Amino acid sequence: MKRIEIEHNKELKPLNTFGIAARASGFVAFRDRGDLAAIFADPSWSGKSWYVMSGGSNILLTGDYDGLILHPVARAIEEVERDGEAVTLRVQAGLAWDELVAYCVTNGYGGLENLSGIPGFVGAAPVQNIGAYGAEVKDTIAEVEAYRFDTGVVQSFTNAECRFGYRDSVFKHEERGSVILSVTFRLPLRPHFSIGYGDLSREVEALGGASLSAIRQAVLSIRAAKLPDPKVLGNSGSFFKNPVVSEQEAEALRCNYPDMPVYLVPTGVKLAAGWLIDRAGLKGYRQGRVGVHEKQALVLVNYGGATGGEVLALADHVIVAVRERFGVSLVPEVNVL
Ligand code: EPU
C-alpha cells in the first residue's frame with residue numbers, strides 16, 4: 001500500500017479564490033486511483049467527511065472543515081485517438097483548465113476556445129458543466145473517469161451518463177461520492193466557430209476575424225473588462241445561477257421591464273441574474289468587507305479579510321432584494337462548504 005502524506009490543520013486561504021481564511025483538519029494531494037485507495041483505507045480517516053478541492057474557484061468556505069480535503073495534482077494530457085475529424089484527449093484532473101484551453105488553441109483543436117480564462121482545474125469542469133460565451137463544456141466531453149469511494153472502483157461515465165444540465169451534472173447529485181480522475185474530450189480539427197454571444201463577434205472582428213486564437217483573445221479581454229481577477233479581489237465568479245422561469249412569468253416581467261434580457265431554453269425562459277441584481281440597485285453595493293462587484297452584479301467580492309458568513313449574509317440580502325423587486329428567487333451557483 002502506498003504511503004500518503006496528509007497535512008493536518010491546513011490553511012485553505014491560498015487555495016480558494018474567494019480568499020476566505022479557514023482550516024481543514026486534513027489535506028492530501030492525490031494523483032491516481034492507488035493514492036485514493038490508500039487514503040480511503042487509512043483508518044484515521046474512515047467515517048470522516050471528505051471534499052475534493054482543486055482550483056478552489058467555485059467554493060465558499062463558511063468555517064473550518066472537519067474532514068479531509070482531496071486535491072488532484074496529476075496534470076497529463078494524452079492523445080488517445082485522432083481521425084480526419086477530431087482528436088481525442090484524455091486529460092488528468094489536476095491540470096489548470098486554462099492551460100488545457102491554451103494548449104488546444106495552440107494545436108488547432110476546437111471546442112474550448114470560448115471557455116478561455118475560466119479559473120479552476122480540468123476535473124471540476126464536468127461537475128458544474130462550465131459554460132461561457134455561448135459554449136458549454138458538455139459539448140466536448142466524451143467520457144469522465146471517476147473513482148467511487150464506496151466500492152474502490154474506477155468507473156467511466158459516457159457523456160449521456162454525466163446527465164449534463166445548466167451548471168449541473170450527475171456529479172452534483174447521485175455521484176457526489178465520486179472523485180474525478182480524468183476527462184476525455186473529443187475536439188474537432190476543423191472547428192465551427194461560435195461568436196454570436198454578446199459583444200464577442202465585434203471583439204473577434206477587431207482582431208482580424210474568427211480563428212481559435214482570435215476567439216481566445218477576445219474572450220480573455222471581455223472577461224478582463226468585466227470579471228474581477230481573484231488574485232486582486234477575492235471572488236468565485238458568478239455567485240448565483242441565472243434563474244429559469246416559466247414563459248408566463250417572463251412575459252409578465254417583460255411587460256414591466258421591456259429591456260430585460262431573456263434567453264429561451266428547453267425548460268422555460270432564462271433570465272440574467274446579473275441584470276436583476278443590477279436593476280434591484282445593488283451593483284457596487286458594499287456591506288462591510290464584502291460587496292457586489294461594480295462591473296458585473298452576478299459576482300460577489302471579498303474586499304479583504306471577509307468570512308464566509310459575511311458573504312452569505314450579503315447573498316441573502318441580494319436574494320431578498322431581487323425577490324421583493326421581481327418575484328424571482330436566486331439560487332447560489334457556488335458550492336457552500
Ligand atoms: N447584466 C447587467 N448588469 C450586470 C451584469 C449583467 O445588466 O451587472 C446583463 C448584461 O448586460 C447581459 C446579461 O445581463 O445583457 C448577461 O450578462 P453577461 O453576458 O455578463 O453574462 P451572465 O449571464 O451574467 C453568464 C455566466 C458567466 C459567463 C457569462 C458569459 C452564469 C451563472 N454565469 O453570466 O459564467 O462568463 O455568462 O457567458 O451562467 C461563472 O459561471 O462563474 C461565470 C462567470
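Predicted model, so just to flag it, every value in this text is computed and none were measured. Each ligand, and each atom within it, is numbered from 1 in the order the structure gives.
- Aromatic ring centres of H71 and F121 lie closer together than 6.0 Å.
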Exercise for the section: Start with the C-alpha distance between V334 and V311, add both sets of side-chain angles, then the distance that settles side-chain contact (heavy atoms from CB on, under 4.5 Å), and finish with yes or no. Expected result: CA-CA 11 Å; V334 301; V311 178; over 6 Å; no
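- Near R167, with a cut-off below 4.0 Å to any heavy atom, the atoms of ligand 1 are 26 (C), 27 (C), 31 (C), 33 (N), 35 (O), 39 (O), 40 (C), 41 (O), 43 (C).
- Residue V269 forms a side chain to side chain contact (heavy atoms under 4.5 Å, CB included) with just one option from V265, L271, T267, and that option is L271.
- L112 and I77 end up in the same hydrophobic cluster when Ile, Leu, Val, Met, Phe, Trp and Tyr side chains are linked at under 4.5 Å.
- Of the candidates G120, G274, A272, G284, A272 brings a heavy atom nearest to atom 14 (O) of ligand 1.
- Under the 4.0 angstrom criterion for non-hydrogen atoms, H293 is not in contact with ligand 1.
- Taking a distance limit of 4.0 Å, we find that atom 10 (C) of ligand 1 is approached by no protein heavy atom.
- When only interatomic distances are considered, the shortest N/O to N/O separation between Y133 and ligand 1 falls below 3.5 Å.
- Numbered from 1 in the order shown, with element, the atoms of ligand 1 that lie under 4.0 Å from a heavy atom of Y166 read 31 (C), 32 (C), 39 (O).
- Of the listed residues (R163, H173, Q128), just one forms a side-chain hydrogen bond (donor to acceptor under 3.5 Å, both in side chains) with D168, and that residue is H173.
- Numbered from 1 in the order shown, with element, the atoms of ligand 1 that lie under 4.0 Å from a heavy atom of G237 read 42 (O).
- Residue nearest to atom 3 (N) of ligand 1, selected from D278, L282, V334: D278 (by heavy-atom distance).
- Nearest protein neighbour of atom 23 (O) of ligand 1, counting heavy atoms only, is N242 ND2, 2.8 Å.
- For atom 34 (O) of ligand 1, the closest non-hydrogen atom on the protein side is L298 CD2, 3.9 Å.
- For R82, the CZ atom is densely surrounded, since the number of other residues' heavy atoms within 6.0 Å is greater than 12.
- Looking at S238 next to ligand 1, an N or O pair under 3.5 Å apart turns up.
- W275 and F326 have tilted rings, their planes meeting at an angle from 30° to 60° on a 0 to 90° scale.
- Aromatic ring centres of F185 and Y109 lie farther apart than the 6.0 Å criterion allows.
- Both the backbone and the side chain of A297 come within 4.0 Å of ligand 1, judged by heavy-atom distances.
- Taking every non-hydrogen atom of F240 and a distance limit under 4.0 Å, the qualifying atoms of ligand 1 come out as 32 (C).
- Heavy atoms of Y263 approach ligand 1 to within less than 4.0 angstrom.
- In this structure, K138 fails the cation-pi test against F164, since its NZ or CZ atom is not both closer than 6.0 Å to the six-membered ring centre and inside 45 degrees of the ring normal.
- Judged by distance alone, the side chains of Q155 and S178 never bring a donor and an acceptor atom under 3.5 Å apart.
- In the displayed structure, E247 atom CD is contacted under 6.0 Å by at most 12 heavy atoms of other residues, nucleotides or ligands.
- With respect to the salt-bridge test (charged N to carboxylate O, under 4.0 angstrom), the residues R279 and D259 qualify.
- For Y197, every heavy-atom contact with ligand 1 shorter than 4.0 Å involves the side chain, none the backbone.
- Given atom 1 (N) of ligand 1, the protein heavy atom at minimum distance is W275 N, 3.7 Å.
- With hydrogens left out, the protein atom closest to atom 24 (O) of ligand 1 is Q296 NE2, 2.9 Å, a heavy atom.
- The part of K283 lying near ligand 1 is the side chain, judged by heavy-atom distances below 4.0 Å.
- Between E333 and ligand 1, at least one pair of N/O atoms sits closer than 3.5 Å.
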Practice task
Kindly determine whether N129 and Y166 satisfy side-chain contact (heavy atoms from CB on, under 4.5 Å), including the steps that lead there.
Solution key: CA-CA 7 Å; N129 181 21; Y166 166 57; over 6 Å; no
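- From the protein, the heavy atom lying nearest to atom 15 (O) of ligand 1 is P261 CG, 3.5 Å.
- For L227, no nitrogen or oxygen atom sits less than 3.5 Å from a nitrogen or oxygen atom of ligand 1, counting backbone and side chain alike.
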